[in-house]
2 protein chains.
Amino acid sequence: MADIKKKATIYDLSILSGASASTVSAVLNGSWRKRRIKEATAQLIQNLANEHGYTANLQARGLRSSRSGLVGLLLPVHDNRYFSSMAQSFEAQVRSRGQCPLVVSACRDPDEERQVVETLISYSIDELFIAGATDPDGVHKVCEKAGLKHVNIDLPGTLAPSVISDNYEGARMLTQAIIERAQEDGPLSPDDLYLFGGRNDHASHERIRGFRDVKRALLGADPDVCIQPTGYSPAMTARAFEAFYEGHGKLPRTFFVNSSINLEGLMRFLALHPHETFADIIVGCYDYDPFGSFLPFPVFMIRQDSEAMITKGFAILDADRGPPITHQVRPTLVPPRTALTGPLDALKDIE
Amino acid sequence: MADIKKKATIYDLSILSGASASTVSAVLNGSWRKRRIKEATAQLIQNLANEHGYTANLQARGLRSSRSGLVGLLLPVHDNRYFSSMAQSFEAQVRSRGQCPLVVSACRDPDEERQVVETLISYSIDELFIAGATDPDGVHKVCEKAGLKHVNIDLPGTLAPSVISDNYEGARMLTQAIIERAQEDGPLSPDDLYLFGGRNDHASHERIRGFRDVKRALLGADPDVCIQPTGYSPAMTARAFEAFYEGHGKLPRTFFVNSSINLEGLMRFLALHPHETFADIIVGCYDYDPFGSFLPFPVFMIRQDSEAMITKGFAILDADRGPPITHQVRPTLVPPRTALTGPLDALKDIE
DNA sequence: AGTCATTGCACCATCGATTGTGCAAAAAAG
DNA sequence: CTTTTTTGCACAATCGATGGTGCAATGACT
């Protein structure tokens, strides 16, 4: 009656039912038809299992079958709308496949990335999504050695299949949008359009390339000084804005910010200066954040389709051993003052 | 040399070293001094282990010892700055204790909450943090039955120890702040101050209580109509704003929003209306979001100290079997246009 | 009735680690 | 040179599930 103490095992049910443990196992993991177990026996065992609240010990199962039902997602950080919404979609998709999501972050530190993945491997995870890794190929080697299937998301590697945002196209759309918007307020000179943020990774390169191509095409010139890669840190980005401000007494009229993390750097800068001074800036941000979209100046954003990337990632893993091709997913341009719906809207909310 | 295929086990090392598997095990899990293994033997085995890149199979270890090294955090959603930054702190703390974080969300659905926890239990997780659960006591029973240590975070239960934000005090601070700020623009009547969001949970109750107490004290009255619980959904919140707007041709001059999720509802409303109409609203939001803090109207925010909550949670679990007391952690009032540093700042960012 | 196929299930080794127990060899004590 | 103690390690059971193999009972068929 009151099984308050330990969890029931197949052995307990074996005794209760009079069947052998292997029969119980077969019944409870669904392979009983294959094993020609009588329907009546199966029923009996199922009932006992329900009655006693049996749930399989997944560590034992994993040990035996060397699969765990765990699927990993390696993130740079949680605390950011892009990655947290990726985590949200990831979780939903993993669950719908009957597996268990394992989301971890590694702070963009290549050593930590590898070490975290080692840990995941120790738990015999079945598949791994490597999102925004600083060193995807280093992680690849670790996975390879353990025979772990994996895909890169967001930042591509050269050794494993990758699914990334179409950064070049996204940057072009975004750049064009902010230029056109800025030109509504009067002619825009090349010196009025900057780019802040990003570092030496594929996404930044492509975004910068898109930015420069469009800028050159529309404004006729593209001085190097207008490109300010600051890394992915709010503090560094704030410093870059501050430096510009020191030199010019204002911010550039228009600028492209490489990610919402860099956009936080802008907030830090703004916090130190009266808002009125910058009432007329036009900003493009390569990432979408629902509050970022309503700042007191026009912010054009790029919404990356992390859900589609995850879906594509699973397709690749299911197709088993694709070549290390990079697939691009088209992002969308989000005009200022736009509140998109997201994973939150799937929440049940009674009352 | 090239162990490209399978992972090394203690048996492999046993053969290589000439020692028994149990000796290898003892050496590699650190219990070798206790087992009086010669230092030289230990060294030999350690070297072999490094050389062959040995890592323990944590499923096997977990099976044997019925501990997994996994610590769970159950969240309502990932996609939100409050919870994602909680996940970030949680991860850091779990890692620093040499365990592996397992963060999952259950969409505020009581059934899903219980089911997700069942799954975690099947992986023999060692401890569980239940954050923002709709039905903490239901989850408690599931844990109890499995002998799983757990604490409630953010929303308290009656059966297990809880660590929550001091919602009453936080709401008082926030309410007072927005009232005072609004009064700078002229006298504030009770009808000018509303509360939106929240539902039938402990946090909402306390926040509403704090709101009403301060409102009554400072404005002399506190009509029921000014309290608009909309649940935790952007869509419902947007609808409430819309309804008010329909009726009054404007938004309330000042209002308290129950959470950043509800604040997203305000964004949805704003997206449909020209900004100029609401240039003079004053908002308080019980949650902190770095972009929310820079919206085009004053937004006072409450920053809940999720890091401290997690720390306290571990303290409780370590103290083993405390009574089901609820501990409150004091949040901080964040004035408008404030960019706080967060877990992101711990990121390594070379270059 | 005798042979053969089918059904239904039990047995047992196995996954990789942990841990209580026992026993030689070496060291200390007498 | 015994006896006792300590040191250093091997053995084997165990955690809970899986899946290959084998065997008895039943039914089908000649």
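Here is how names work: the chains are called A, B, and so on, in the same order as the sequence lines, proteins then strands, and each is numbered from 1.
- Atom CG in Leu58(A) sits roughly 15 Å away from atom C1' in dC15(C) (whole-Å rounding).
- Residues Glu113(B) and Arg108(B) are not paired through a salt bridge, judged by the lack of any N-O separation under 4.0 Å between the basic side chain and the carboxylate.
- One atom, CZ of Arg33(A), and another, C1' of dT7(C), lie 13 Å apart when rounded to the nearest Å.
- Using cut-offs of 30° and 60° on the angle between ring planes, the pair His150(B) and His140(B) is tilted.
- Between Ile37(A) atom CD1 and dA10(C) atom C1' the separation is 10 Å, expressed in whole Å.
- If you check the side chains of Asp79(B) and Ser84(A), you find a donor sitting under 3.5 Å from an acceptor.
- Residue-level contact check: Ala56(A) touches the backbone only, with heavy atoms under 4.0 Å from sugar-phosphate atoms and none from bases.
- Atoms NZ (Lys38(B)) and P (dT6(D)) sit 19 Å apart, rounded to a whole Å.
- Tyr11(B) has its side chain out of reach of Val24(B): every pair of non-hydrogen atoms, C-beta onward, lies at least 4.5 Å apart.
- Here Asn29(B) does not reach the OP1 or OP2 of dA17(C): none of its side-chain N or O atoms lies under 4.0 Å away.
- Remark: Arg61(A) is in phosphate contact with dT18(D), judged by side-chain N or O atoms under 4.0 Å from OP1 or OP2.
- Rounded to an integer number of Å, the gap from CD1 of Ile45(B) to C1' of dC9(D) is 10 Å.
- When the nearest nucleotides of DNA chain C are assigned to Thr41(A) and Thr55(B) by heavy-atom distance, the more 5′-ward of the two goes with Thr41(A).
- For Gln43(A) and dC9(C), the CD to P distance is 13 Å, given to the nearest whole Å.
- Considering only side-chain N and O atoms, Thr23(B) lies nowhere under 4.0 angstrom from the phosphate OP1 or OP2 of dC9(D).
- The closest side-chain heavy-atom distance from Phe90(B) to Glu307(B) is not below 4.5 Å.
- Proximity of Gln59(B) to Ser68(A): side-chain heavy atoms (C-beta onward) are separated by under 4.5 Å at one or more points.
- Between the P atom of dG20(C) and the NZ atom of Lys34(B) lies a distance of 11 Å, rounded to the nearest Å.
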Below 3.5 Å between N/O atoms, which protein atoms pair up with nucleotides 12-15 of chain D? Just atom names and distances, please.
{"from": "dT14(D)", "atom 1": "O2", "to": "Arg64(B)", "atom 2": "NE", "distance (Å)": "3.3"}
{"from": "dT14(D)", "atom 1": "O2", "to": "Arg64(B)", "atom 2": "NH1", "distance (Å)": "2.7"}
{"from": "dC15(D)", "atom 1": "O2", "to": "Arg64(B)", "atom 2": "N", "distance (Å)": "3.3"}

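- Atom-to-atom, CZ of Arg67(A) to P of dT18(D) comes out at 12 Å; the value is rounded to the nearest Å.
- Residues Phe129(B) and Val71(B) are in side-chain contact: their nearest non-hydrogen atoms beyond the backbone lie under 4.5 Å apart.
- Which of dA17(D), dA10(D), dT18(C) sits closest to the side chain of Ile10(B) comes down to dT18(C).
- The only option from Val116(A), Leu148(A), Ile121(A) that meets the side chain to side chain contact (heavy atoms under 4.5 Å, CB included) definition with Val142(A) turns out to be Ile121(A).
- Tyr54(A) and Asp12(A) share no side-chain donor-acceptor pair at under 3.5 Å.
- Summary of the strand contacts: Arg35(B) and Leu28(A) both lie near DNA chain D, and taking for each the nucleotide with the nearest heavy atom, the more 5' one is attributed to Arg35(B).
- Contact check for His327(B) versus Ile316(B): side-chain heavy atoms found under the 4.5 Å cut-off.
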Would you tabulate the pairs of protein nitrogen or oxygen atoms and nucleotide nitrogen or oxygen atoms of nucleotides 4-6 of chain C closer than 3.5 angstrom?
none

